Amino acid sequence: MSSIESVLTETRIFAPRDAFRQAATVSGLEGYQALCDAAEQDYTGFWADLARQEINWQTPFTEVLDESDAPFYRWFADGKLNASYNCIDRHLEKRANKIALIFEADDGAITNITYKELHQRVCRFANALKKQGIGLGDRVIIYLPMSIEAIVAMQACARIGAIHSVVFGGFSAKSLHERIVDVGAKLVITADGGVRGGKPVALKAAVDEAISQGGCEAIKKVIVYQRTGIDIAWHAERDLWWHEIESAESDYCEPVWVDAEHPLFILYTSGSTGTPKGVQHSTGGYLLGAITSMKWVFDHKATDIYWCTADVGWITGHSYVAYGPLALGSTQVVFEGVPTYPDAGRFWQMVERHKVSIFYTAPTAIRSLIKLGGDLPNRYDLSSLRLLGTVGEPINPEAWMWYHKVVGKERCPIADTWWQTETGSHMIAPLPGAINLKPGSCTRPLPGIIMDIVEEDGTHIDGTGGGLLVVKKPWPSMIRNIWGNPERFRKAYFPEELKGLYLAGDSAHRDEDGYFWIMGRIDDVLNVSGHRLGTMEIESALVANPLVAEAAIVGRPHEIKGESIVAYVVLKGERPEGDDAKTIAAQLRDWVGKEIGPIAKPDEIRFGENLPKTRSGKIMRRLLRSLAKGEEITSDISTLDNPAILEQLKQTVG
Ligand code: WT7
């Protein structure tokens with residue numbers, strides 16, 4: 001474990017302000033400790049009580065945690081509920097006219113929709129889905145821009161027990177195809193296009209291309225939301241306009257009561273092999289995690305105006321846009337556009353305009369906004385803010401301090417939330433009225449979440465020290481399976497050496513106060529702008545190009561994106577030089593854009609006649625990482641089969 005050492009020596013501490021602490025749902029360290037103690041004394045009782053308090057069950061559960069088929073854990077298994085009922089219907093009696101969504105379009109146009117209106121739209125759309133033959137357990141792909149419709153589509157699936165799989169609009173037709181096939185979808189919901197930063201984005205065209213690739217015979221219908229009015233190809237026997245089918249339906253749709261373990265959704269994420277994993281979440285446990293964390297970490301109150309900037313294509317947009325806030329009856333802002341359009345003051349302008357009180361975004365956005373307009377927040381009235389949050393990657397202390405001072409005016413606690421697609425909800429994060437903050441640390445695990453740091457064989461590391469981040473006990477919102485691949489699920493998250501511990505795939509260390517500091521991934525997964533990308537996935541995409549013989553991808557630290565992607569490529573023919581190299585590099589970048597999506601395009605490509613390998617043929621990635629950073633190679637390269645290659649791989653082409 002000697003390679004996992006922390007370099008951070010941050011010592012500043014920020015205690016909750018008195019006023020915040022006194023008003024907080026969980027107040028003071030004693031409040032936090034009391035919850036942790038309750039969970040320790042009776043783990044299942046703790047979660048069962050919360051599940052009864054926070055969720056409306058159609059049939060109450062009698063079993064809490066079923067461990068008989070571990071690691072395929074089951075929570076609240078004999079209970080029945082509906083997620084959409086819990087997110088919408090249960091607010092209708094008291095809060096029907098409360099605004100649920102404040103949608104701000106790319107061009108600044110605003111649409112408000114109340115819980116009552118949301119209920120009608122979800123019911124109508126759910127009825128329309130039923131008419132197309134969609135029902136319990138059917139998989140539906142959602143490929144939409146950020147919109148009210150995206151949330152309506154997800155909620156409508158949940159209402160009828162269909163399982164949605166949202167694909168981020170930035171993924172290519174090829175990636176979309178892969179997911180349609182893997183999940184066995186029957187229907188796709190998309191838009192003609194989207195608008196981001198004043199520019200149109202085509203979506204329907206990608207759906208057409210994906211479906212034409214074959215293997216999608218199960219897709220009977222494509223529902224198209226008309227967002228931009230751009231010209232699109234139309235398959236009359238297959239395509240349906242959203243507005244036409246929605247308007248034909250009635251305002252009420254009876255929710256389908258599902259078992260707590262019924263999959264609510266499947267969301268694909270990258271792992272350390274070439275194919276993405278379909279992370280399968282439950283209904284009951286998942287919803288409970290989203291609700292409890294909204295209350296504990298965001299200290300969410302009925303009066304809050306809440307804004308999470310994540311796209312529904314990621315887990316954050318599921319737990320903290322489409323489900324958590326609605327389950328709490330929140331008023332939330334939903335934003336179609338990008339933080340830098342029309343300028344880098346957009347977020348702050350929107351905070352002012354909508355009087356946002358809880359604001360949740362990613363470190364990469366914060367860093368880019370510092371760079372593009374570090375003083376822009378000062379031009380806006382941000383006095384409505386009371387809590388800030390971050391997610392996706394470690395936040396560097398400088399960015400933390402800027403967020404704290406310039407955005408939060410030293411008034412707002414910052415919740416640095418560590419979690420994953422697989423964990424479903426926050427795992428390590430400060431309860432802001434209870435926990436002192438240290439810039440750069442996600443602080444301490446949530447009550448009822450039992451985290452540890454261990455050696456590679458699962459041995460607990462006592463006190464301070466670095467190692468593998470693990471979860472010791474199953475928790476309600478945990479991943480249930482990898483869709484169609486239980487063996488991969490077991491191997492990836494519950495490897496035998498760890499004897500039942502959940503392996504997060506991150507390394508971390510704990511300081512003398514028991515605070516966790518995340519150091520980064522231990523597998524071949526990159527974190528680019530808070531998005532997870534598997535190096536193998538990008539390598540496979542490159543190797544699929546007819547020019548390419550071999551490729552290796554590594555990450556390099558990047559001041560805004562966290563990590564950038566460096567590709568080492570061996571072509572089938574000669575190693576290209578000069579303008580040739582530039583042209584081919586540009587072609588390959590575009591190729592990856594088409595194979596996976598623009599987010600996976602390498603920032604830099606270097607060509608070699610070969611890759612540095614050990615005599616046994618293993619690519620020496622550590623060496624490639626050093627080369628990418630421009631470091632002198634001081635380590636022993638005598639085991640290297642072809643040391644002369646290193647000179648070539650130092651040269652960058654663009
Ligand atoms: C990986 C999970 C959870 C939603 C967004 C990303 C990294 C996430 C933090 C944080 C340090 C973080 C980890 C984790 N990560 N949040 N607050 N501090 N690292 O979800 O795509 O599933 O990625 O993101 O490496 O394993 P994801």
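One-based numbering, in listed order, for ligands and for the atoms of each. For clarity, every value in this text was computed on a predicted model and none was experimentally measured.
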With nothing but distance in play, are any N or O atoms of [X] less than 3.5 Å from an N or O of ligand 1?
{"X": "Asp416", "value": "yes"}
{"X": "Thr316", "value": "no"}
{"X": "Cys442", "value": "no"}

- Do any heavy atoms of Gly392 fall under 4.0 Å from ligand 1?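 Gly392: in contact with ligand 1 (<4.0 Å).
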For [Y], is there an ion pair with [X] - N to carboxylate O distance below 4.0 angstrom?
{"X": "Arg367", "Y": "Glu398", "answer": "no"}
{"X": "Lys295", "Y": "Glu54", "answer": "yes"}
{"X": "Arg196", "Y": "Glu336", "answer": "no"}
{"X": "Arg346", "Y": "Glu104", "answer": "yes"}
{"X": "Lys174", "Y": "Glu595", "answer": "yes"}
{"X": "Glu496", "Y": "Lys491", "answer": "no"}
{"X": "Arg386", "Y": "Asp299", "answer": "yes"}
{"X": "Asp603", "Y": "Lys561", "answer": "yes"}

Taking only heavy atoms of [X], which atoms of ligand 1 are found under 4.0 Å from at least one of them?
{"X": "Ile518", "value": "11 (C), 19 (N)"}
{"X": "Thr417", "value": "9 (C), 10 (C), 16 (N), 17 (N)"}
{"X": "Ile315", "value": "4 (C)"}
{"X": "Asn527", "value": "7 (C), 24 (O)"}
{"X": "Val391", "value": "3 (C), 4 (C), 5 (C)"}

- Using the six-membered ring wherever Trp is involved, compare the ring planes of Tyr493 and Tyr502 and label them parallel, tilted or perpendicular (cut-offs 30° and 60°). parallel
- Indicate yes or no for a side-chain donor-acceptor contact from Ser441 to the backbone of Phe516 under 3.5 Å, with no hydrogens or angles considered.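 Here the side-chain-to-backbone pair exists.
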- Query: Cation-pi between Arg510 and Tyr515: NZ/CZ under 6.0 Å from ring centre and within 45° of the ring axis?
  - Reply: no
Classify the contact between [X] and ligand 1 as side chain, backbone, both or neither, using a heavy-atom distance cut-off of under 4.0 Å.
{"X": "Thr421", "result": "both"}
{"X": "Glu393", "result": "backbone"}
{"X": "Ile395", "result": "neither"}
{"X": "Arg521", "result": "side chain"}

Considering only non-hydrogen protein atoms, determine which one is nearest to [atom] and report residue, atom name and distance to 0.1 Å.
{"atom": "atom 3 (C) of ligand 1", "result": "Trp419 O, 3.2 Å"}
{"atom": "atom 14 (C) of ligand 1", "result": "Asp506 OD2, 3.4 Å"}
{"atom": "atom 23 (O) of ligand 1", "result": "Arg532 CD, 3.2 Å"}
{"atom": "atom 11 (C) of ligand 1", "result": "Pro394 N, 3.1 Å"}

